[in-house]
Amino acid sequence: MIGWLIEASAKYRALVLAAAIALGIFGVFSMQRVKLDAIPDLSDPQVIVFTEWMGRSPTLVEDQVTYPLVTALLGAPGVVDVRGQTMFGMSFVYVVFAEGTDVYWARSRVLEYLSALGDRLPEGVTPRLGPDATGIGWIYQYALVDRSGKLDTGQLRTLQDFSIRYALTSVHGVAEVASVGGYEQQYQVTVDPVRLRNFDLTVSDVVQAVRRSNSDVGARVLEMSEREYFVRGRGYLKRAEDVESIVIRADRGTPVLVRDVGHVSMGGDIRRGAADFDGKGETVSGIVVMRYGENARDVIGRVEQKITELAKTLPSGVEIVPVYNRKDLIERAIATLQTALTEEMIVVALVILLFLLHFRSAVLPIVSLPLAVVTAFIPMYLLGIPATIMSLGGIAIAIGATVDAEIVMVEAAHKKLEHAPKDLSVQERARLLAEAAREVTPAIFFSLLIIAVSFLPVFGLSGQAGRLFKPLAYTKTFVMLSAALLSVTVAPALRDALIRGKIRPEAEHPVSRAIRRVYAPFVHVALHSPKTTVLIGVMALVSAWPIAQKLGSEFMPPLDEGDLLYMPTTLPNISIEEARQQLRRQDEILASFPEVESVLGKIGRAETPTDPAPLSMVETVVKLKPESAWRKRPVERWFSNTPEFLRAPLALVWPESRPISKDELTAEMNARLDLPGWTNAFTQPIRNRVDMLTTGIRTPIGIKVFGTDLAEIEAVGTSLERILHDVPGTRSVLFERSVMGLYVDVTPDRERLARYGLRIEDVNEILESALGGVAVTTTVEGRNRFSVNVRYAQDFRSNLDAVKDVLIPLPSSGKDGALGQIPLGAIADVRVSSGPPMIRDEAGLLVGYVYVDLDADRDVGSYVDTAKAAVEDARSSGAFALPPGYYLKWTGQYELLADMEARMKILIPLALLVTILLLYLQFKNFTEVLIVLLSVPFALVGSVWALHLLGYHLSTAVWVGTIALLGLAAQTGVLMIVYIDHAYERRLAAGRINSLEDIIAAHSEGTIERVRPKLMTVSTMLIGLVPLLWAEGSGADVMKRIAAPMVGGLITSAFLTLEIIPVIYTYWRGEQLLWRKLSERASPVLRHLEMNLTLIKAAAGALSLTLLVRLYWSEIPGWVLALPIWATVLLLLGSAAYVVIRRRAQHELDSIPIATAQTP
Amino acid sequence: MTSPETNPDTPTRAPSRRALRTMAVVRWVLLALVTLLAVTSVVTVLRSSEEQHADHAVDRYYCPMHPEVRSSEPGECPICHMDLVPIPEARQSTAPAGGAHVHGSEGVPSVSAVSLSAQKQEAVGLRTSPVESATLGDRLRVPGVLSAPETGRSEVRVRAPGFVERVAVRQSGVKVSAGQPLAFIYSPDIYRAQEEFLALSRWNAAPTLEGQSSTATADMASAARRGLELLGLSQADIAELVRTGEPMRAIPVRAPAGGFVMRTSAVLGSRADPEMVLYEIADLSSLWVIASVHERDLAAVQVGTTARFLMNRPGAEPLVGKVDLVEPLLEESTRSARVRLVLKNEGLLLRPGQYGEVEFELPATPGLFVPGDAVIRTGQYDYVYVQTEPDRFEPRRVTTGSSRDGRVQVLSGVAAGERVVTRGSFMLDSESRLKASLEAGPSSPEAVPAAQPAGGTGAAGGVQ
């Protein structure tokens, strides 16, 4: 079929070329429209339900808001997990949907279930859906800076909230613009309780009065003199004076106004976050949050454009200063990869030119390379896969392999043509070319398919790793597939036109000759001394084994984002004022570094549901200057001690100073920021958002303790810590305690309340409004909206004693008709207590997490069983007890890992099976397939060493690189065998294979004569990856980790394939020859050998089968466990027997050499 | 399939012997190198795993967000996946030198002593203040209202029914002096009594034939005079009556005492009955302040306690008085008793009905005091940070008494003259807890700092 396709393409050349041009145009079109971002969105399909109930303590919000919400949402379809998180005045409910759920579908389900909630929430509390975005969508951040000094932060915040925010939200692709810092202005009515009492008023009276004094109405129209006039009643509060003049009560014409009992001012609303710019004091900042699946770069472009427009409309002196702009990173990352891609293409083209020394022929691979890349963008565009570091990386690691088909074909054509007569007719030449194509193209087509198929397991990755690497797998597969397709269509179509002119014979080719000068003796020696050859391979494997054990592991490879994020943490109960001062102090220090361009500190949270940061957490974006502006560090060079005139020119080549490195910079910052009470952390903006995103357990094992009481849960958690600590294999176990949050508990004494006829509500109402302050109404002033808050004056709520003095009005009046009021302290117990600053709620119960980390070599499945048994033992022995209604849930990454493992159990064998099938289709011989696969372990040796030498940890990126390598390694093996086979078959057909020497000669020819195509493919793959290794800049680090095992592996696999495979192959052929001779002679030894081989095969089959069974069969009976041992014993015995019998057979053959010689 | 002309079938030229020999050497070298590599890698890995076991005990890295997560080697936090960072030296767990850690009854769990360099003290804005031994009085602030003293009130009434003929003081709020005519009343009874008196006076003044009768008439005249007096005529009015000899149609009603007219119901032409209060006059030269003191505070307020009255008026000077009376009864509905002060109303600045605050000076008690900000309350423990050395701060558990004027009395835990941290205590406390949690072993669950369940029992912060 493939042959037919190749023939057809060569025949209908114009048609194929037209199709290719169309494909190219569509590809370029797709390339320009594909979405751009730095990294793929790693978030689960989740919907955040955010509820604000400002001023309420976590426990209260948990009981009244989070719990009803969580329970209501549990039943929604497609929901995997509902996690509640309650903080002061806020409730976050994360509804996590099954992977692959459409976010907008999920959102409407959540809304549906929210509507069923009815009136289960407190009055005035409305849950709302978070934006259709996640924290990773924080693409742009700016600070509002007032150079004129006229506006205070409240006014700046008003400007931000009511002008800039809405203008930016309207930009296409922006989900939300979150404000942080400054304070939301509000009218604050601070009332004096003593005066209230004097007028016999209560706070509620004031609240009522204000509430009823702020409205506009409409009253239809008046028709006068044939015109209609709209009637409106105007009564919005507009100024502080308006509020002050609100009447609370009038006594015989003497009104009691708000100003009589308190005063009104414009002040700041309560806030859970503050911002600071460059340590110069409070600022107002905005964060632009991008919608899911948008093109980040375009969105930022539009935002920037909008900001330029807005800048003209701002009050003079006010500026919007960008402090974080993901566009820089995206552009840097894309540029890094673009550079790498371009370099790869150039290098590959150079390699091809060098090896062929024939420009016209080189045009074919050089043309098809960009075409394959561009074609890959078509499915990307159609499937909506954004161009990110990962997806472009997929292309980058594929580039080397894309041209293999063309190279091999062109090389084969050259080989055919080099000895052809000069005056070759066009038809004759075409026939030769077609023949060359027929010989090699199917093999290379299959190896391209193998490269594509071997990547199958990457699609089985799930969770964040899946979201991170699937785009890469997709694009790599796209490139490979398009390369495979082009190799059987465009390449044959073009070859007749391009491969013409004078072809230099390989023997005259300088590069080929140089290679052969080295390689020919190499192969000769290798083939003649097989034992050392195999020993070198075995030793290489041995050297890699311990190193592989030692490689560390990491979740996500580092990505240099350019900007820094300083993220210190302190105790949760810090007050906003202290937080502000500390933040300013930190920013001052950071801003004093000459490398720092700007510092935008944020403490607490921005006003967006995508930010659940507590007040104790600082997230400061440190924007660095370009590296050229960094301080220089002197570098000791070999010539540093020479006189100046010598040093100057040398320094041009080896500069005597280098910019301070980022690690050194952060280390310095860390040292300077060693502030008491803070734990420092330096991370990067996107990385941090990714880390913050996951709310679940990320250790291999986690135990969720579900219950109803936090104290009990903690008791259970700590005893679990103790029990699991002693379970073998536990590396660490930790119950996450809630760190001290402080509460002032006001507990009314019901007996005393009863005596005064008070009800709890009476007390709470006053407590809420007098201490907490209630937002009474919202003023409408043009576009601006401000809330009006009524509260006791500061003096009357500043300390515990003041709280105790809060007056509670009594229902009955006093002697002279005066309103009786009683201090709170007289009827309630006021005390400080500790409690949780944050509460988790899952599945409607409170929950505590126990994190368990395992030793690296401990099997998770059996560990869980052992650990569960340990807990059960403790329970039955009474050392551990679960209160009724409490339960444990064993969870953690191992669920995901188990899930992934289950998928891998299918995918990896499937990939292997398909690979073997493809190889079998090519070779029609199982042993040859096994020999090809031999290149895989040798490739791994190189990867391990490369990782070790570069100091890389094992991460998913590394695994992906390794998986990619396996396909390449197999391809090298395929090519080797194909060429050896060609030589061998030809000689066999000519009847010239009669001894081991003949085989060696044939194989020498197959390896040495065809070293050029093999080296060409390996070097294009290898050299194609090298630009990734030396790439610098954003995004390079991830790619380096993928490329490193590939480069290392290619080097060793190339070397070992060139050496070991011919050796093994030769001796296998030798064995075949022996058998053939024996059968010619009808020797009885052959039967022994055959039987012996069957035994060996059976034993090997049993061994691999039993090993496989252990993978898929969870409960293995003892006898199955023993089977591999028996099989191994059998295998060894069989092999030993084979060696003995074989020696006898050889002896038999050698003893009558003449007879053999006479036979033919 | 292979045609002879395309396959020249060049036999592979055997490489030269020299090349083969060189290559053989190269291969042996290669084998030696690979073997060496294999051996070294096995050996180094074995050795390093031994070393790892050796220094496993020291934790040198921690998670900045979860300080309880510690490790001897760099890695990731199991909870938040952030990279572990080196523990700063100041927080490295040190062997507890004797007395360096606070233990026993005075100790506070999960905090520990902290050393801070002067520079760091400056960074957190640390301020200390000495524990003062002082005698500080407390103050009690309650709302109070000014009222006209009951002692200075007077009412003006007619003593016989009549009609208001003329009104001299037509409105309330006017200041009147004692004896000033307020209104003029025509009362038939009084008029008759005047005539009677005049007649009797004339009769008495006429020469009589018998001496007896003259004494009788004199008696009658003085009785009539007394009658007039009892009907409310003043001496001056009677003298006037005698002088003119004509009965007054409308007799003046005079103010019985000086003061302010509080209320008037004298309307021209209206009928005035004795039941009717024509004028109410209050003497405001001194005023009462009625403060209501809740029963729990009553014990502290006694007759003679100094109190200050502060009007609800910007810039008002407080007025000092003394408690004049504590009413014996509690008002049932408010559970408070009325406490009275008397204030001189100089310049008549005070007005009855005015509201204000009364501040009682409570008896002073001697004790140790620290600024209120120094005390950290967790609900279970109250503690302060004591500066034991210039750069060392130690948490000390204290029991607190009442608070006075921003200061808290410390009943135990600190000695006079010790310096306690008053500002920057949050960061100090945070540092201290961090350090304490790092000192506790990671794998000994009991030692890890834990927020105790809400509503603990050690109610040092609770006040009934």
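First the proteins, then the strands, lettered A, B, ... as listed; each starts at 1.
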*Considering residues at least two apart in sequence or located in another chain, which fulfil the ring-ring contact (aromatic ring centres under 6.0 Å, His included) criterion with A:W945?*
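Testing A:W945 for ring-ring contact (aromatic ring centres under 6.0 Å, His included), a comparison that skips the adjacent residues, returns A:H948.
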Proximity breakdown for [X] and chain B, heavy-atom pairs closer than 4.5 Å:
X	value
A:A983	neither
A:D674	both
A:D749	neither
A:V523	neither
A:T533	both
A:T59	neither
A:E712	neither
A:I574	both

*Side chain / backbone / both / neither for B:L116 at chain A, heavy atoms under 4.5 Å*: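 Only the side chain of B:L116 comes within 4.5 Å of chain A.
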*Check each atom of B:V42 against the heavy atoms of chain A and say whether the ones under 4.5 Å are side chain, backbone, both or neither.*
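For B:V42, heavy atoms of backbone and side chain both lie under 4.5 Å from chain A.
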*asked:* Less than 4.0 angstrom from a charged side-chain N to a carboxylate O is my criterion; do B:E122 and A:R585 meet it?
replied: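 Yes, charged N to carboxylate O under 4.0 Å.
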Identify the heavy atoms of [X] and [Y] that sit nearest to each other, and give their distance.
X	Y	answer
A:T570	B:F426	OG1-CE2, 3.7 Å
A:Q582	B:V124	NE2-CA, 3.9 Å
B:L329	B:A337	O-CB, 3.6 Å

Heavy-atom pairs under 4.5 Å with chain B, option from [options] with the top count:
options	answer
A:A681, A:S616, A:A544	A:A681
A:N670, A:L535, A:L417	A:L535
A:P676, A:P546, A:A826	A:P676

*asked:* Ignoring hydrogens and geometry beyond distance, is a side-chain donor-acceptor pair present between B:Y62 and A:T679 at under 3.5 Å?
replied: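 Side-chain D/A pair, B:Y62 to A:T679: absent.
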*Report yes if some heavy atom in the side chain of A:L675 is under 4.5 Å from a heavy atom in the side chain of B:M427; otherwise report no.*
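Answer no - side chains too far apart.
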*asked:* Do A:L673 and A:F682 make a side-chain contact, defined as non-hydrogen atoms from C-beta onward lying under 4.5 Å apart?
replied: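 Yes, close enough: below the 4.5 Å cut-off.
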*Could you tell me which of B:M23, B:Q121, B:E357 has the largest number of non-hydrogen atom pairs under 4.5 Å with chain A?*
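Heavy-atom pairs under 4.5 Å are most numerous for B:M23.
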*Report the option among B:V39, B:L37, B:T378, B:V34 that has the most heavy-atom pairs separated by less than 4.5 Å from atoms of chain A.*
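Of the options given, most contacts go to B:T378.
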*Mind checking whether A:H524 and A:H528 have parallel, tilted or perpendicular rings, split at 30° and 60°?*
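Taking A:H528 first and then A:H524, their aromatic rings lie parallel (interplane angle under 30°).
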*Quick one: does A:D745's side chain have a donor or acceptor within less than 3.5 Å of a partner on A:S833's backbone?*
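Flag not set: sc A:D745 to bb A:S833 has no pair under 3.5 Å.
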